[in-house]
Amino acid sequence: MGYAVVLGEALVDLLETGRDGELIYRQAIGGAPLNVAVGATRLGGDVQYVGSLGNDTLGDRIAAFLRESGVGTTAMTRVGVPTTLAVTTFEGAEPTFQFYGEPPSYSLVKADDVDEAMVAGAAVLYAGSIALMREPFVSAARKAWAVPGPLRVFDPNVRPKLLPDAAAVDGLRDLVEGFFATADLVKLSSADADVLWEGAGPAAAAEHILGLGARAVVVTCGSKGAYVATADGAGMLPAPAVEAVDATGAGDSVMGALVRRLLADGIPADLAGWQAYVTFALAVAGLVCERPGGAVAMPTYEELSARWGALI
């Protein structure tokens with residue numbers, strides 16, 4: 001079946017919640033790439049994580065969590081800065097993030113830290129998210145992305161709080177479109193598309209990304225489901241109905257599930273095949289939304305089967 005290499009950030013989310021009438025912040029291990037790595041692993045995939053962790057107690061907890069989750073950490077590095085925090089507030093179940101820590105502990109992977117032989121031997125390579133907005137990580141990601149062999153999957157995971165002005169948005173757009181052009185799969189949210197292309201809907205965003213060269217595009221649309229597009233055609237898939245309590249990590253769980261399917265079965269032959277993959281991924285995300293969020297919400301295949309049965 002092969003293994004996946006996942007590059008990107010790991011951090012600690014401080015999730016706003018209430019207890020006994022008081023506003024508190026619950027600590028949760030997170031970061032989109034870490035969530036993807038854990039999500040794919042819990043579904044039975046073999047994943048190697050490439051990222052940098054702070055040298056403090058929180059970094060120790062992240063490292064222990066990855067090992068306990070079964071994620072490979074031989075390519076992970078520790079760096080001499082405190083672990084980045086993401087303070088997370090909510091509108092309903094939807095999270096908004098504010099980041100603390102300079103330089104970000106997650107951005108310090110260097111090009112020399114990338115094991116090209118490990119990347120070349122992988123079946124799937126994931127890159128994306130907020131670590132790409134900083135050096136030296138972006139150089140490391142570009143080095144890995146240039147290695148021939150694995151299927152390339154990408155998620156921009158746009159965070160508006162990190163984009164202070166139009167110039168920053170333009171710079172991010174140029175950066176991620178360079179990765180889109182050679183991606184086998186791009187997964188983004190409708191909110192990402194809205195920021196990157198000033199109000200573009202899922203169909204317009206997917207058409208643009210396919211035009212750049214991507215092989216397939218999945219645009220997640222929250223409780224509405226996901227828009228799936230390939231050269232063969234496109235269409236909207238509904239999400240399963242759930243009582244969402246926390247959507248943190250739901251989009252990442254979609255990518256984790258898609259990575260797992262790519263590891264097991266490779267690139268689908270047509271649009272119908274991609275739609276089957278995304279239907280599976282939306283079932284995973286639905287279960288994640290029913291739990292307090294973050295990496296700990298990522299389900300096993302057994303939990304997925306128990307919740308959805310014939311749906312998957």
Worksheet entry | Side-chain touch Val71/Phe65, heavy atoms, less than 4.5 angstrom | no
Worksheet item: Can you tell me how far CD of Gln48 sits from OG1 of Thr73, rounded to the nearest 0.5 angstrom?
Response: 7.5 Å
Worksheet item: Nearest 0.5 Å, what's the CG-OG1 distance between Asp155 and Thr220?
Response: 7.5 Å
Worksheet item: Quick one: CG on Leu53 to CE on Met76, what's the gap to the nearest 0.5 Å?
Response: 4.5 Å
Worksheet item: When rounded to the nearest 0.5 angstrom, what distance separates CG in Leu58 from CG in Leu85?
Response: 6.5 Å
Worksheet item: Is a salt bridge present between Arg42 and Glu302, judged by a nitrogen-to-oxygen distance below 4.0 Å?
Response: no
Practice prompt. In sequence, state the C-alpha distance, the side-chain angles, and the governing distance for Val153 and Val124, and then conclude on side-chain contact (heavy atoms from CB on, under 4.5 Å).
Written response: CA-CA 7 Å; Val153 301; Val124 177; 4.0 Å; yes
Fill in: Tyr227 vs Leu237, side-chain contact (heavy atoms from CB on, under 4.5 Å): CA-CA, chis, key distance, verdict
CA-CA 6 Å; Tyr227 185 83; Leu237 293 176; over 6 Å; no
Worksheet item: Between Asp252 and Val36, what is the shortest heavy-atom contact and its length?
Response: O-CG2, 3.6 Å
Worksheet item: Side chains of Leu282 and Pro240: does their closest heavy-atom pair fall under 4.5 Å?
Response: yes
Practice prompt. Look at the side chain of Asp265 and the backbone N and O of Leu262, then say whether any donor-acceptor pair between them is shorter than 3.5 Å.
Written response: no
Fill in: Other residues, nucleotides, ligands: >12 heavy atoms within 6.0 Å of Lys143 NZ
yes
Discussion item. Set out, in order, the CA-CA distance, both residues' side-chain angles and the distance that settles side-chain contact (heavy atoms from CB on, under 4.5 Å) for Val284 and Leu43, then state yes or no.
Written reply: CA-CA 9 Å; Val284 173; Leu43 292 171; 4.1 Å; yes
Worksheet item: Does Leu196 offer a backbone N or O that forms a donor-acceptor pair with the side chain of Arg173 under 3.5 Å?
Response: yes
Worksheet item: Looking at OG1 of Thr84 and CD1 of Ile62, how far apart are the two atoms once the value is rounded to the nearest 0.5 Å?
Response: 8.5 Å
Fill in: Arg307 with Glu290: basic N within carboxylate O range, under 4.0 Å
yes
Discussion item. Using a 3.5 Å distance criterion without hydrogens, assess whether the side chain of Asp194 forms a donor-acceptor pair with backbone atoms of Gly199.
Written reply: yes
Worksheet item: Where is the tightest heavy-atom contact between Val219 and Ser189, given as atom of each residue plus distance?
Response: CG1-C, 3.8 Å
Fill in: Beyond-backbone contact of Val186 with Phe179, side-chain heavy atoms, under 4.5 angstrom
no
Worksheet item: Would you say Val288 and Met298 make side-chain contact, with heavy atoms under 4.5 Å?
Response: yes
Discussion item. Any non-hydrogen side-chain atom of Glu177 less than 4.5 Å from a side-chain atom of His208?
Written reply: yes
Worksheet item: Atom OH of Tyr106 and atom CZ of Phe137: how far apart are they, to the nearest 0.5 Å?
Response: 10.5 Å
Item to complete: Indicate yes or no: at least one non-hydrogen side-chain atom of Asn157 is less than 4.5 angstrom from one of Leu188.
Response: no
Response to the item:
Taking every heavy atom of Leu7 against every heavy atom of Ala141, the minimum-distance pair comes out as CD2-CA, 4.2 Å
Worksheet item: Under 6.0 Å between the ring centres of Phe154 and Phe180?
Response: yes
Item to complete: List the steps, then state whether salt bridge (charged side-chain N to carboxylate O under 4.0 Å, His left out) holds for Asp184 with Arg152.
Response: CA-CA 5 Å; Asp184 292 288; Arg152 299 180 181 94; 5.0 Å; no
Worksheet item: Looking only at heavy atoms, what is the nearest atom pair of Thr230 and Ala216, with distance?
Response: CG2-CB, 3.9 Å
Discussion item. Could you go through Glu68 and Arg61, starting from their C-alpha distance and side-chain angles, then the distance that decides it, and tell me whether this counts as salt bridge (charged side-chain N to carboxylate O under 4.0 Å, His left out)?
Written reply: CA-CA 10 Å; Glu68 291 163 3; Arg61 291 176 183 171; over 6 Å; no
Worksheet entry | Minimal non-hydrogen separation, Gly8 against Pro33, with atom names | CA-CG, 3.4 Å
Worksheet item: Is it true that a side-chain atom of Glu303 and a backbone atom of Thr300 form a donor plus acceptor pair closer than 3.5 Å?
Response: yes
Worksheet item: Taking Glu9 for the side chain and Ala131 for the main chain, is one N or O donor matched with an acceptor at less than 3.5 Å?
Response: yes
Practice prompt. Could you tell me whether the side chain of Leu163 reaches within less than 4.5 Å of the side chain of Val195, counting heavy atoms only?
Written response: yes
Item to complete: Check for a donor-acceptor pair, side chain of Tyr3 on one end and backbone N or O of Met118 on the other, with a separation under 3.5 Å.
Response: yes
Practice prompt. Please determine if Arg261 forms a cation-pi arrangement with Phe280, meaning its NZ or CZ atom is less than 6.0 Å from the six-membered ring centre and no more than 45° off the ring axis.
Written response: yes
Discussion item. Just by distance, no angles: are the side chains of Ser69 and Thr41 close enough, under 3.5 Å, to form a donor-acceptor pair?
Written reply: no
Item to complete: Look at the side chain of Asp232 and the backbone N and O of Asp270, then say whether any donor-acceptor pair between them is shorter than 3.5 Å.
Response: no
Worksheet item: Is there a donor-acceptor contact under 3.5 Å linking the side chains of Glu135 and Ser139?
Response: yes
Worksheet item: Is Met133 linked to Val81 within one hydrophobic cluster, defined over Ile, Leu, Val, Met, Phe, Trp and Tyr using a side-chain heavy-atom separation of less than 4.5 Å?
Response: no
Discussion item. Taking the side chain as everything from C-beta on, heavy atoms only, tell me whether Arg26 gets closer than 4.5 Å to Leu14.
Written reply: no
Worksheet item: Which heavy atom in Ser107 sits nearest to a heavy atom in Pro104, and how many Å separate them?
Response: OG-O, 3.0 Å
Discussion item. Holding to side chain to side chain contact (heavy atoms under 4.5 Å, CB included), I want the full list of residues that pass it with Ser52, two or more places apart in sequence or in another chain.
Written reply: Thr77, Val79, Leu108, Val109
Discussion item. Does Glu243, at its CD atom, have more than 12 non-hydrogen atoms belonging to other residues, nucleotides or ligands within less than 6.0 Å?
Written reply: no
Practice prompt. With sequence neighbours left out, write down each residue that passes side chain to side chain contact (heavy atoms under 4.5 Å, CB included) with Val147, or none if nothing qualifies.
Written response: Glu116, Val119, Ala120
Practice prompt. Report the C-alpha separation of Thr83 and Ser105 in whole Å, then their side-chain angles, then the decisive distance to 0.1 Å, and conclude whether the side chain to side chain donor-acceptor pair (under 3.5 Å) test is met.
Written response: CA-CA 5 Å; Thr83 297; Ser105 60; 4.8 Å; no
Discussion item. Under a 4.0 Å threshold between the charged nitrogen and the carboxylate oxygen, would Arg78 count as salt-bridged to Asp60?
Written reply: yes
Discussion item. Before you tell me yes or no, could you show the steps for Arg260 and Met255 under side-chain contact (heavy atoms from CB on, under 4.5 Å), namely the whole-Å CA-CA distance, both residues' side-chain angles and the distance that decides it to 0.1 Å?
Written reply: CA-CA 9 Å; Arg260 177 67 181 92; Met255 181 59 97; over 6 Å; no
Item to complete: Treating Ile, Leu, Val, Met, Phe, Trp and Tyr as nodes and any side-chain heavy-atom pair under 4.5 angstrom as an edge, say whether Ile24 and Val245 lie in one connected cluster.
Response: no
